[in-house]
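A short worksheet on the structure shown next.
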Amino acid sequence: MKIGYPCINTTLGCRSSRTFRLKSYSEERLMETVENNLTCLGKILRFNVKHNMLFFRITSDLVSFASHPICKFGWQEYFREQFRAVGDFVKNHDVRISMHPSQFTVVNSLNNRVFQNSVRELVYHAQVLDLMELDTSAKIQIHVGGVYGDKEKSMRRFVERFEKLDEAVKRRLVVENDDRYFSLRDCLQISAESGIPVLFDVFHHEVNNFGETIWDSFMLLTKTWKGGDGLPMVDYSSQRKGEREGQHIETINLGNFKKFLEETKPFDFDLMLEIKDKEKSALKAIKVASQDGRLINVTK
DNA sequence: TCACGTCAAGCAGAT
DNA sequence: ATCTGCTTGACGTGA
């Protein structure tokens, strides 16, 4: 098991998701922003490795407007060496990487323009991971998408669309259960029809399920991750008390986390902690998981 | 320096 | 019709 957190480090003074307004787009601005973001990403990854956090989600905002028609700049070539250097660091320290496109990526959309935009966005995400020269265990996680009044049909449309995607995207794409529409069971059905691995979100599952226990869930979903996919990826959070349902907790509840570790003892997977205070909770979780003998041995 | 209106993009449900 | 939340604030104008 590797443990990590998404996108933002709250300790270091930099962000790898700096952006700017479309109205102020220029190649200079883009180059400057991406340069900053890649440098910061390198810093975050060094921090993470130092603290034994070997799983990290790279922000979708790494390259501003990468999939927008306004962007004609060949950032892939211009930053090739920097991407490769970050990728080398990742590989040398055995770090696992994921990415999570935003809600605007809807593979099963009824609107063809939305689908085409989604394809461009997915291609961008795959390019980032390809430029880092990472293997296919570096994944891009998305939700199934919209329901459009007919869930079965919308799931079928997801599968049909998935089949037609570029191989560069397909080999990295995984589908995640959401908290309202498409549960673990739906994702497993999609996986059975398409071969796409299922990324399990523990928190979403708590509020949207068909009565499967954590054990049942892991039994089923771990089988959807095949050879080159690496270990299953799992998202973990819990409800913030006194807040609207769905709010992520501000810091990890170690009691609950220990219980989760206990429930999943026979399974190995990589764990992404979606918690407000980011690496601070990840550090606590690593300590607990390490005492529990759940982490991989780190020799580097 | 700071307040605050707004920011590329979709969807569903609440108001 | 408009607003909210989602993986998440922060850009940038105006004072």
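Chain letters run A, B, ... following the sequence lines, proteins first and then strands; every chain starts at 1.
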(request) Assess whether atom OH of A/Tyr25 is packed by more than 12 heavy atoms of other residues, nucleotides or ligands within 6.0 Å. (result)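 Buried by this count: over 12 neighbours within 6.0 Å.
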(message) Quick check on A/Lys259: does its NZ atom have over 12 non-hydrogen neighbours (other residues, nucleotides or ligands) under 6.0 Å away?
(response) no
For the pair made of [atom1] in [X] and [atom2] in [N], what is the distance, rounded to whole Å?
X: A/His204; N: C/dG5; atom1: NE2; atom2: P; value: 15 Å
X: A/Phe56; N: C/dT8; atom1: CZ; atom2: P; value: 14 Å
X: A/Glu274; N: C/dG5; atom1: CD; atom2: P; value: 18 Å
X: A/Glu32; N: C/dG12; atom1: CD; atom2: P; value: 10 Å
X: A/Glu279; N: C/dT8; atom1: CD; atom2: P; value: 15 Å

(request) Establish, with yes or no, whether the OP1 or OP2 oxygen of C/dG12 is under 4.0 angstrom from a side-chain nitrogen or oxygen of A/Ser24. (result) yes
(request) State, with a plain yes or no, whether a side-chain heavy atom of A/Asn9 is found less than 4.5 Å away from one of A/Lys278. (result) no
(message) Considering every strand and a 4.0 Å limit on heavy-atom distances, what is the contact class for A/Ser118: base, sugar-phosphate, or nothing?
(response) nothing
(message) So that I know where these two stand, are A/Phe200 and A/Phe269 an aromatic pair - ring centroids less than 6.0 Å apart?
(response) no
(message) Quick check: A/Phe56 with A/Tyr5 (ring centres under 6.0 Å apart)?
(response)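 For A/Tyr5 and A/Phe56, the ring centres are under 6.0 Å apart.
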(request) Could you tell me the separation between the CG atom of A/Leu231 and the CE atom of A/Met1, rounded to the nearest 0.5 Å? (result)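 If we round to the nearest 0.5 Å, A/Leu231:CG and A/Met1:CE are 9.5 Å apart.
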Mind checking the [atom1] distance from [N] to [M]? Whole angstroms is fine.
N: C/dG12; M: B/dA8; atom1: P; value: 9 Å
N: C/dC11; M: B/dG10; atom1: C1'; value: 22 Å
N: C/dT8; M: B/dT6; atom1: P; value: 24 Å
N: B/dC2; M: C/dC6; atom1: C1'; value: 29 Å

(request) For the residue pair A/Phe47 and A/His51, categorise the inter-ring angle as parallel (less than 30°), tilted (30 to 60°) or perpendicular (more than 60°). (result)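 Tilted, since the angle between the ring planes falls between 30° and 60°.
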(request) Note every stem involving DNA chain B: at least three consecutive Watson-Crick or G-U wobble pairs, i with j then i+1 with j-1, with both distances under 3.5 Å. (result)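 Stem list for DNA chain B: B:1-7 with C:9-15, B:10-15 with C:1-6.
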(request) Between A/Glu176 and A/Arg29, name the one whose nearest nucleotide on DNA chain C is closer to the 5' end. (result) A/Glu176
(message) Taking the nucleotide of DNA chain C with the nearest heavy atom to each, does A/Ile8 or A/Thr19 sit closer to the 5' end?
(response)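 Between the two, 5'-proximity favours A/Ile8.
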(request) Starting at the 5' end of nucleotides 5-15 of chain B, put B wherever the base has a protein heavy atom under 4.0 Å, S where only the sugar-phosphate does, and a dash everywhere else. (result) -BBBBBSSS--
(request) Would you check if there is a donor-acceptor pair between the side chains of A/Arg161 and A/Ser109 at a distance under 3.5 Å? (result) no
(message) Looking at every non-hydrogen atom in both residues, tell me the closest pair between A/His100 and A/Ser60 and how far apart they are.
(response) O-OG, 3.2 Å
